[in-house]
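Each remark here refers to the structure printed beneath this line.
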Amino acid sequence: MTSGEDDGPRTSADTRFEVILGSASPARLAVLRQGGLDPRVVVPDVDEDALLATLAAEAPGDAVTRLAQAKADSVIRTLLGERVDHADSVDGQTLPDLVVLTCDSMLLFQGTLSGKPHSADVAIEQWKRMRGSEAQLVTGHCVAHVSGLDVAGRTAESASTVVRFADVDDEEIDAYVSTGEPLEVAGAFTLDGRGGWFIEGIEGDPSSVIGIGLPTVRHLLRRLDIRVATLWSQNSR
């Protein structure tokens with residue numbers, strides 16, 4: 001799924017960037033740091049469950065992408081609010097451009113999307129349904145470029161990865177859920193934590209399963225004429 005392709009101004013080689021991660025997810029932050037970025041975290045103010053309820057008729061990829069875009073809207077409002085008092089400069093120095101990254105992930109299993117279970121009972125029931133089966137982890141990504149007080153460009157896309165779950169028994173499910181790990185993650189599992197013991201394989205991008213797909217983000221950055229290697233090099237400035 002693709003939306004919001006940008007036809008706006010292109011960046012120059014000497015454009016200075018600050019990367020913003022619009023997520024409270026430690027896993028997403030870790031993926032970006034391991035990938036050479038050092039983002040500032042700005043947590044979006046979005047009621048995901050309420051918004052998802054309005055997207056029931058949308059295709060899975062469209063729904064998660066809409067959620068990622070809503071998070072981007074919230075984060076950009078916060079960032080522009082921070083900048084209003086400073087106009088275009090601070091102490092005579094031009095403010096850096098901002099690259100805003102937001103995501104939302106959900107599990108598509110037997111035609112139904114599920115997000116964070118929030119409660120142990122829901123997580124246990126979900127694991128009992130999906131053990132020994134496979135599902136698709138669908139992640140919506142939105143990348144926005146903010147220059148000064150304007151959104152210079154924005155684009156979005158979803159990525160889907162097949163996840164194969166082990167045929168775990170009730171005792172293993174109870175033990176896993178009792179750790180609390182699956183309660184606030186999409187699909188009630190992690191690939192990079194204790195849940196990794198119960199994932200027998202994936203087909204697709206592992207970073208997308210963890211929460212943010214590096215190949216997808218790179219692809220979206222290129223649409224905005226931003227090369228990810230530029231963001232690596234600027235981490236050391």
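The first residue in the sequence is number 1, and the count goes up from there. Not measured: the values here are computed from a predicted model.
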Requested in this report: Determine, stepwise, if the pair V177 / L183 fulfils side-chain contact (heavy atoms from CB on, under 4.5 Å).
Outcome: CA-CA 7 Å; V177 172; L183 302 188; 4.2 Å; yes

Report task. Take L221 and L231, measure what side-chain contact (heavy atoms from CB on, under 4.5 Å) needs, and give me the verdict at the end. Result -> CA-CA 10 Å; L221 286 167; L231 305 182; 4.0 Å; yes

Report task. Take R223 and T155 through the side-chain hydrogen bond (donor to acceptor under 3.5 Å, both in side chains) test and state the conclusion after the steps. Result -> CA-CA 8 Å; R223 285 193 197 149; T155 186; 2.7 Å; yes

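In this structure F189 satisfies the ring-ring contact (aromatic ring centres under 6.0 Å, His included) test together with F165, sequence neighbours excluded. For D121, the side chain to side chain contact (heavy atoms under 4.5 Å, CB included) partners at least two apart in sequence or on another chain are S119.
Taking each heavy atom of S23 and V41 in turn, the nearest pair found is O-CG1, 3.2 Å. The minimum heavy-atom distance linking D205 with L214 is given by the pair OD2-N, 3.8 Å. Contact record, I199 with T190: CG1-O, 4.1 Å, taken as the closest heavy-atom pair. The nearest pair of heavy atoms linking A156 to T65 is CB-CG2, 3.6 Å. Scanning all heavy atoms of the two residues, the minimum distance from G140 to V64 falls at N-CG2, 3.5 Å. The shortest heavy-atom contact between V146 and G148 is CG1-O, 3.9 Å.
Ion pairing between a basic and an acidic side chain is recognised when a charged N comes within 4.0 Å of a carboxylate O; D170 and R131 show such pairing. The pair E18-R83 fails the salt-bridge criterion, with no side-chain N (NZ, NE, NH1 or NH2) lying under 4.0 Å from an Asp/Glu carboxylate O.
Atom CZ of R129 has more than 12 neighbouring heavy atoms from other residues, nucleotides or ligands inside a 6.0 Å radius. Heavy-atom neighbours of D174 CG from other residues, nucleotides or ligands within 6.0 Å: above the threshold of 12. In R227, the CZ atom is not crowded: 12 or fewer heavy atoms of neighbouring residues, nucleotides or ligands sit closer than 6.0 Å.
Considering CG of D104 and CD of Q69, their distance stands at 11.5 Å, rounded to 0.5 Å. From L95, atom CG reaches atom CG of L149 across 8.0 Å, with rounding to the nearest 0.5 Å. Between the CD atom of Q110 and the OG atom of S133 there is a distance of 6.5 Å, given to the nearest 0.5 Å. Here the NE2 atom belonging to H118 is positioned 5.5 Å from the CD atom belonging to E184, to the nearest 0.5 angstrom. Taken to the nearest 0.5 Å, the CG atom of D150 stands 10.5 Å off from the CG atom of D97. Atoms OG and CG, from S208 and L191 in turn, are 10.5 Å apart once rounded to the nearest 0.5 Å.
Proximity of T54 to L51: side-chain heavy atoms (C-beta onward) are separated by under 4.5 Å at one or more points. Put simply, the side chain of I210 does not reach to within 4.5 Å of the side chain of I212, judged on heavy atoms. Within the 4.5 Å cutoff, the side chain of L55 has no heavy atoms near those of the L113 side chain. Looking at heavy atoms from C-beta onward, V163 lies out of side-chain contact with M130 at the 4.5 angstrom threshold. With contacts defined as side-chain heavy-atom distances shorter than 4.5 Å, the pair R33/D38 qualifies. A 4.5 Å side-chain heavy-atom check between L37 and W232 finds at least one atom pair inside the cut-off. Side-chain contact between E200 and E134: absent, with no pair of heavy atoms (C-beta onward) separated by less than 4.5 Å.
Panel note: side chain H141, backbone G213; a donor-acceptor pair is recorded below 3.5 Å. Side-chain atoms of E172 come within 3.5 Å of backbone atoms of D169 as a donor-acceptor pair (strictly under, hydrogens ignored). The closest donor-acceptor contact from the side chain of E181 to the backbone of Y176 lies at 3.5 Å or more, if one exists at all. A donor-acceptor pair is defined here as one N or O able to donate and one able to accept, closer than 3.5 Å; such a pair exists between the side chain of R28 and the backbone of G211. Side-chain atoms of S160 never come within 3.5 Å of backbone atoms of Q136 as a donor-acceptor pair (strictly under, hydrogens ignored). In this structure, the side chain of T216 does not engage the main chain of A159 through any donor-acceptor pair within 3.5 Å.
Linking ILVMFWY side-chain heavy atoms closer than 4.5 Å, directly or via other members, places V209 and W197 in a single hydrophobic cluster. In the hydrophobic cluster analysis, where Ile, Leu, Val, Met, Phe, Trp and Tyr join through side-chain heavy atoms closer than 4.5 angstrom, V162 is grouped apart from M106. By the criterion of side-chain heavy atoms lying less than 4.5 angstrom apart, applied directly or through intervening Ile, Leu, Val, Met, Phe, Trp or Tyr residues, V122 is not grouped with V185; the two fall into different hydrophobic clusters.
Between T102 and the choices P44, S74, C142, the side-chain contact (heavy atoms from CB on, under 4.5 Å) rule is met once, by C142.
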